[in-house]
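Worksheet: the structure to be examined is printed underneath.
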Amino acid sequence: SRADLDTAQDLARRAALFLDNARLYREARRSVLLRDEFLAVASHELKTPLTPLQLRLQWLRQQTRKDKPYLPTSLVLSQLDVVQRQVDKLSGLVHGLLDVSRMSSGRLSLHREDVDLEVLAREVKARLTLAASQAGSEVSLTTHGDVKGHWDRARLEQVLTHLLANALKYGAGQPVRVELRDAGEDVVVRVEDAGIGIAREYQSHIFERFGRAVSERHYGGLGLGLYVTRQIVEAHGGTIQVASEPEKGSHFEVTLPRREST
Ligand code: ADP
């Protein structure tokens with residue numbers, strides 16, 4: 001009857017509402033957990049450089065007391081090197097956090113100019129030579145065709161640096177390949193490593209804010225880099241994808257339209 005139908009429809013509506021609320025609740029809970037986890041990781045990461053910094057500063061202060069004899073320059077310089085590295089680390093973390101807060105509130109603006117991606121990639125590769133040798137790894141760079149476009153150079157430098165640094169960090173010392181390719185209206189960047197790979201259930205989360213495998217905590221990092229990377233790529237109208245298999249390695253592929261779409 002009509003009344004039964006109404007009741008059935010009402011029940012269905014309630015059930016849908018209930019399921020919807022349950023989903024919202026699960027999502028809210030997940031984001032609270034992520035945020036707690038993030039705060040814990042962030043505080044830890046920010047704290048780590050402080051101890052060596054404090055020790056070096058204390059040491060330098062003690063050594064420069066008036067009654068102390070002259071200190072060898074090389075010794076002072078080596079201590080200052082440590083100080084510099086830790087300050088750089090802190091500065092990188094803080095800039096990462098600032099980027100994220102800027103991007104979450106949609107305030108990422110691009111300063112486009114003519115960029116040759118091959119030149120940029122070569123610079124990034126050169127800058128990461130030390131990281132590569134520390135990882136016991138080698139980076140190869142190959143370019144197919146014209147890879148020029150109208151992009152934000154500093155932002156793309158961030159993208160290349162981050163993908164390459166991750167490939168070295170999670171690359172288990174295996175060679176890393178960077179490939180740039182002319183794809184007509186687009187330029188495609190591929191960064192491949194043969195390292196630890198990413199579990200399937202986790203792959204869809206790595207581009208999220210604070211998204212990182214809890215089990216990979218011992219690698220250090222805030223889980224912000226790929227979020228920032230994706231925001232930059234998407235601000236350029238591009239896409240980023242990952243293909244990965246645990247123990248086999250990961251391939252990241254970025255597709256960048258050469259020009260701003262009108
Ligand atoms: P993090 O600073 O923690 O490395 P990212 O946003 O760069 O943050 O990466 C998020 C997570 O994705 C990492 O914690 C790591 O678990 C995983 N990941 C990223 N790149 C790779 C890679 N090349 N190989 C394996 N895992 C990766």
Side-chain angles (χ1 to χ4, degrees), residues 30-31 33-49 88-104 108 121 124-125 127-128 131-132 134-141 155-179 189-235 239-254:
R30 187 178 134 74
S31 87
L33 286 178
L34 274 179
R35 192 163 300 190
D36 287 352
E37 164 75 11
F38 170 75
L39 268 180
V41 174
S43 332
H44 175 78
E45 289 288 309
L46 287 168
K47 187 169 149 271
T48 311
D88 286 349
K89 202 184 275 175
L90 279 173
S91 152
L93 287 167
V94 171
H95 279 116
L97 287 169
L98 282 174
D99 270 351
V100 169
S101 88
R102 214 173 278 143
M103 286 166 187
S104 326
L108 175 68
V124 169
K125 182 184 165 210
R127 207 158 27 72
L128 288 180
Q134 275 169 352
S137 171
E138 260 173 46
V139 178
S140 68
L141 173 64
R155 288 298 182 187
L156 282 195
E157 180 170 349
Q158 232 176 317
V159 167
L160 292 175
T161 303
H162 195 74
L163 290 178
L164 196 49
N166 270 357
L168 292 169
K169 181 170 163 186
Y170 301 108
Q174 299 297 313
V176 170
R177 289 164 41 90
V178 180
E179 197 186 288
V189 181
R190 267 177 84 87
V191 179
E192 307 184 0
D193 69 68
I196 64 171
I198 307 166
R200 189 157 302 278
E201 69 271 20
Y202 181 57
Q203 287 176 21
S204 56
H205 294 305
I206 58 172
F207 298 108
E208 286 172 11
R209 209 157 28 137
F210 319 149
R212 63 197 312 259
V214 178
S215 61
E216 267 140 33
R217 235 174 120 152
H218 63 276
Y219 279 96
L222 290 181
L224 296 179
L226 284 179
Y227 169 77
V228 168
T229 298
R230 176 170 145 198
Q231 299 299 311
I232 295 174
V233 169
E234 289 182 351
T239 57
I240 181 164
Q241 282 172 329
V242 64
S244 180
E245 218 176 303
E247 318 291 329
K248 293 248 168 72
S250 312
H251 298 185
F252 284 83
E253 188 167 294
V254 173

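Source: prediction; values computed, not measured. Counting convention: from 1, in listed order, for ligands and their atoms alike. For reference, positions follow the sequence shown, starting with 1.
Every atom of ligand 1 with a heavy atom of S250 under 4.0 Å away is listed here by number and element: 22 (C), 24 (N), 25 (C). Shown in contact with I206 at under 4.0 Å from a heavy atom are these atoms of ligand 1, numbered in order with element: 12 (O). Close approach of ligand 1 to L224 is summarised as follows: ligand atoms under 4.0 Å from at least one heavy atom of the residue are 6 (O), 8 (O). If you number the atoms of ligand 1 from 1 as listed, the ones under 4.0 Å from a heavy atom of H162 come out as 5 (P), 7 (O).
By the 6.0 Å contact criterion, CD on Q241 is open, its count of non-hydrogen atoms from other residues, nucleotides or ligands being 12 or less.
In D193, the part holding a heavy atom less than 4.0 Å from any atom of ligand 1 is the side chain. When heavy-atom distances to ligand 1 are checked against a 4.0 Å cut-off, L226 comes that close through both its backbone and its side chain.
Across Y170, Y227, F252, F207, heavy-atom proximity to atom 27 (C) of ligand 1 is greatest for Y170.
Looking only at side-chain heavy atoms (C-beta outward), H251 and V242 stay at 4.5 Å or farther from each other. Counting heavy atoms from C-beta on, the side chains of T239 and V254 never come closer than 4.5 Å.
No donor-acceptor pair under 3.5 Å is formed between the side chain of S250 and the backbone N or O of S244.
Taking 4.0 Å as the cut-off between side-chain N and carboxylate O, D99 and R155 count as a salt-bridged pair.
Side chain to side chain, N166 and H162 meet the donor-acceptor criterion of an N or O pair below 3.5 Å.
No heavy atom of G195 sits closer than 4.0 Å to any atom of ligand 1.
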